[in-house]
Amino acid sequence: MYPNMYPNFGFSILQRSVNNKSRLGRILTPHGVVETPAFIFCATKAAIKAVSPCDMKASGTQCILSNTYHLMIQPGSEIVAQLGGLHRFMGWDGPMLTDSGGFQIFSLGHGSVADEIKGRRNKEPRSKSLVKITEEGAVFRSYLDGKQQLLTPERSIEIQRQLGADLIVVLDECTPFHVSKVYTQQSMEMSHRWATRSLNAFMEGESGKQALYGIVQGGIYQDLRAQSCEYINSNPFFGQAIGGSLGADKAQMREVVEFTAAQLNPERPIHLLGIGGIDDIFAGVTMGIDTFDCVHPTRLARHGGALVRPHNLPEGKYADHINLLNGIFRMDNNPIEPDCPCSVCKKYCKGYLHHLLKAKELLAFQLISIHNITFMNRLLLAIRRAIQTNTLESEKKHWVVDSSLKAKTPQDNVLSPEFMDS
């Protein structure tokens with residue numbers, strides 16, 4: 001680590017597993033400690049949709065993430081800064097992370113982020129507002145007024161400075177799966193140059209209140225991933241994030257993540273960008289991943305999906321969630337999970353939540369989101385305890401449905417990826 005560069009930050013590894021590469025850690029920030037492995041929830045526009053910061057804290061949340069691209073457009077980073085920075089602006093007093101806007105550059109230029117990064121194919125075309133990507137940066141049209149804006153590495157760091165998150169990220173171009181290796185390499189090399197510019201801009205205005213993560217690119221190509229890891233390892237980043245296209249399916253994604261994580265400096269925290277499936281988290285943890293972020297838990301909730309452990313699934317259902325819009329829950333007087341300690345499961349039954357969804361009452365989104373957030377925080381707490389006792393594999397059975405059974409789940413009981421991305 002670089003103590004002079006990050007005087008108010010630290011990362012310590014408390015215990016390493018004897019069975020795999022999982023580890024217990026602790027990230028120290030000016031706004032508190034993040035016990036790792038941890039899940040970071042996405043407050044894209046300085047808000048967790050339908051859930052207050054107080055409810056986030058009460059649900060056991062340690063850290064949240066906001067989006068540089070969206071906040072630079074609305075309300076503008078200058079306004080956030082004048083109102084005290086993100087923590088005061090949104091009333092969150094814990095650790096925060098902001099991304100750089102690079103993920104959105106990819107989305108603007110190539111369509112659906114989730115589809116490409118996670119290997120899905122979306123048949124519907126998406127509107128594209130990216131004008132061009134050059135060595136200087138990315139030129140795009142604002143989705144609010146259509147005006148052209150330029151996001152450079154230096155501007156991204158400036159915006160993240162004004163937003164004031166504890167952990168910030170270099171600007172990169174996130175390449176899609178379908179491009180050639182030549183394009184992927186050229187993009188990776190440009191992302192390295194952008195990262196150097198980001199680092200220089202960060203060091204020029206360094207205040208001790210923020211720490212910078214580098215991002216590994218290279219697509220699905222091991223030689224490119226190795227080059228990118230070497231670049232990240234050789235520069236004074238506080239942490240390292242695994243980004244870019246991770247493959248065409250889960251198997252390839254895990255292969256890419258495992259190879260990449262093994263090449264990174266083990267003394268720095270490792271973040272996996274945009275991945276948050278329950279089985280993916282268990283897999284990532286065994287590969288040495290310390291933190292994860294994804295919109296999945298809260299987006300799922302807004303479409304009626306409640307996360308549940310296998311023993312709380314209806315008979316004959318094999319998924320990681322139940323669809324509370326389903327008619328089988330109309331007369332169900334039981335909570336989402338009888339053994340869940342969240343405020344929702346203590347007070348409300350599935351029949352009531354089903355009614356709220358059918359009536360299109362906004363309260364449904366809040367209540368199911370609170371349950372899903374609590375679920376994810378309970379999951380990561382269980383993972384940390386299992387690492388401590390070297391029982392991760394046995395703990396997994398309490399949270400992940402046997403993959404051989406998932407194909408048996410009727411489609412009316414689960415939400416499709418396309419529906420969840422809407």
Side-chain angles (χ1 to χ4, degrees), residues 37-42 59-60 114-115 117-120 246 249-251 253-254 257 272 274-286 289 292-326 328-329 332 334-342 344-345 350 353-354 357 364-365 367-383 386 392-422:
F39 188 85
I40 300 176
F41 295 89
C42 296
S59 300
D115 289 344
I117 295 299
K118 300 173 186 179
R120 298 199 300 260
L246 300 176
D249 52 40
K250 278 185 179 286
M253 177 187 76
R254 291 177 184 178
V257 172
L272 182 55
I275 302 297
I278 298 170
D279 54 343
D280 295 327
I281 288 175
F282 271 99
V285 165
T286 65
I289 303 299
F292 305 79
D293 78 87
C294 191
V295 299
H296 175 67
T298 48
R299 177 174 286 168
L300 182 71
R302 295 195 303 277
H303 293 297
L307 293 167
V308 295
R309 293 194 289 171
H311 68 271
N312 286 320
L313 284 165
E315 186 176 354
K317 311 297 184 183
Y318 308 101
D320 65 357
H321 67 274
I322 54 174
N323 180 1
L324 288 168
L325 279 162
N326 195 299
I328 65 171
F329 300 115
D332 195 327
N334 298 300
I336 297 171
E337 291 195 295
D339 49 356
C340 175
C342 80
V344 178
C345 287
K350 284 176 278 191
L353 298 171
H354 171 82
L357 289 165
F365 308 146
L367 297 181
I368 304 171
S369 293
I370 288 172
H371 167 77
N372 284 359
I373 290 164
T374 303
F375 181 98
M376 294 301 296
N377 286 326
R378 291 173 64 213
L379 166 66
L380 271 297
L381 176 60
I383 286 174
L392 193 59
E393 274 305 307
S394 59
E395 184 63 35
K396 179 180 177 180
K397 297 175 183 177
H398 298 297
W399 297 87
V400 178
V401 174
D402 187 329
S403 58
S404 65
L405 300 175
K406 285 185 179 181
K408 299 180 180 180
T409 301
Q411 288 306 301
D412 63 349
N413 188 58
V414 298
L415 297 169
S416 71
E418 291 76 14
F419 184 50
M420 292 193 311
D421 281 340
S422 63

So L379 and L307, side-chain contact (heavy atoms from CB on, under 4.5 Å) or not? Walk me through it. CA-CA 11 Å; L379 166 66; L307 293 167; over 6 Å; no

Using the side-chain contact (heavy atoms from CB on, under 4.5 Å) rule, take E395 and I383 through it: C-alpha gap first, then chi angles, then the decisive distance, then the call. CA-CA 7 Å; E395 184 63 35; I383 286 174; 5.6 Å; no

Start with the C-alpha gap between D320 and V401, add the side-chain angles, then the distance that decides, and say whether side-chain contact (heavy atoms from CB on, under 4.5 Å) holds. CA-CA 7 Å; D320 65 357; V401 174; 5.8 Å; no

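Under 4.0 Å is where a charged nitrogen must lie from a carboxylate oxygen, and between K397 and D402 no such pair does.
Scanning for side-chain contact (heavy atoms from CB on, under 4.5 Å) contacts around D293 gives I40, C42, L65, H271, L273, with sequence neighbours left out. Listed by chain and number, the residues in a ring pair (Phe, Tyr, Trp, His ring centres under 6.0 Å) with F39 are F41 (sequence neighbours excluded). Residues passing the salt bridge (Lys or Arg N to Asp or Glu O under 4.0 Å) test with R309, sequence neighbours excluded: D339.
Using a distance-only test at 3.5 Å, with no hydrogens or angles considered, no donor-acceptor pair links the side chain of D279 to the main chain of V400.
To the nearest 0.5 Å, atom CH2 of residue W399 and atom CD1 of residue I281 are 10.5 Å apart. The distance from atom CG of L300 to atom NE2 of H321, rounded to the nearest 0.5 Å, is 5.0 Å. A distance of 6.5 Å separates NE2 in H296 from CD1 in I278, rounded to the nearest 0.5 Å. Between atom OG1 of residue T298 and atom CD1 of residue I373 there is a gap of 6.5 Å, rounded to the nearest 0.5 Å. Interatomic distance, F365 CZ to R299 CZ, rounded to the nearest 0.5 Å: 13.5 Å. To the nearest 0.5 Å, the span separating CG on N323 from CD1 on I328 amounts to 9.0 Å.
Closest approach of C340 to T374, counting heavy atoms only: SG-CG2, 4.5 Å. A301 and N372 make their closest contact through CB-ND2, 3.5 Å (heavy atoms, listed as atom of the first residue, atom of the second, distance). The heavy-atom pair separating P297 from C294 by the smallest distance is CD-O, 3.7 Å. Nearest heavy-atom pair, G305 versus I368, reported as atom, atom and distance to 0.1 Å: O-CG2, 3.5 Å.
Side-chain atoms of I336 and F375, non-hydrogen and from C-beta on, never get closer than 4.5 Å to each other. Looking at N312 and P338, their side chains come closer than 4.5 Å, going by heavy atoms from C-beta outward. At least one side-chain heavy atom of P341 sits under 4.5 Å from a side-chain heavy atom of R378.
The side chain to side chain contact (heavy atoms under 4.5 Å, CB included) with R254 is formed by just one residue from the set T286, L246, I275, D280; it is D280.
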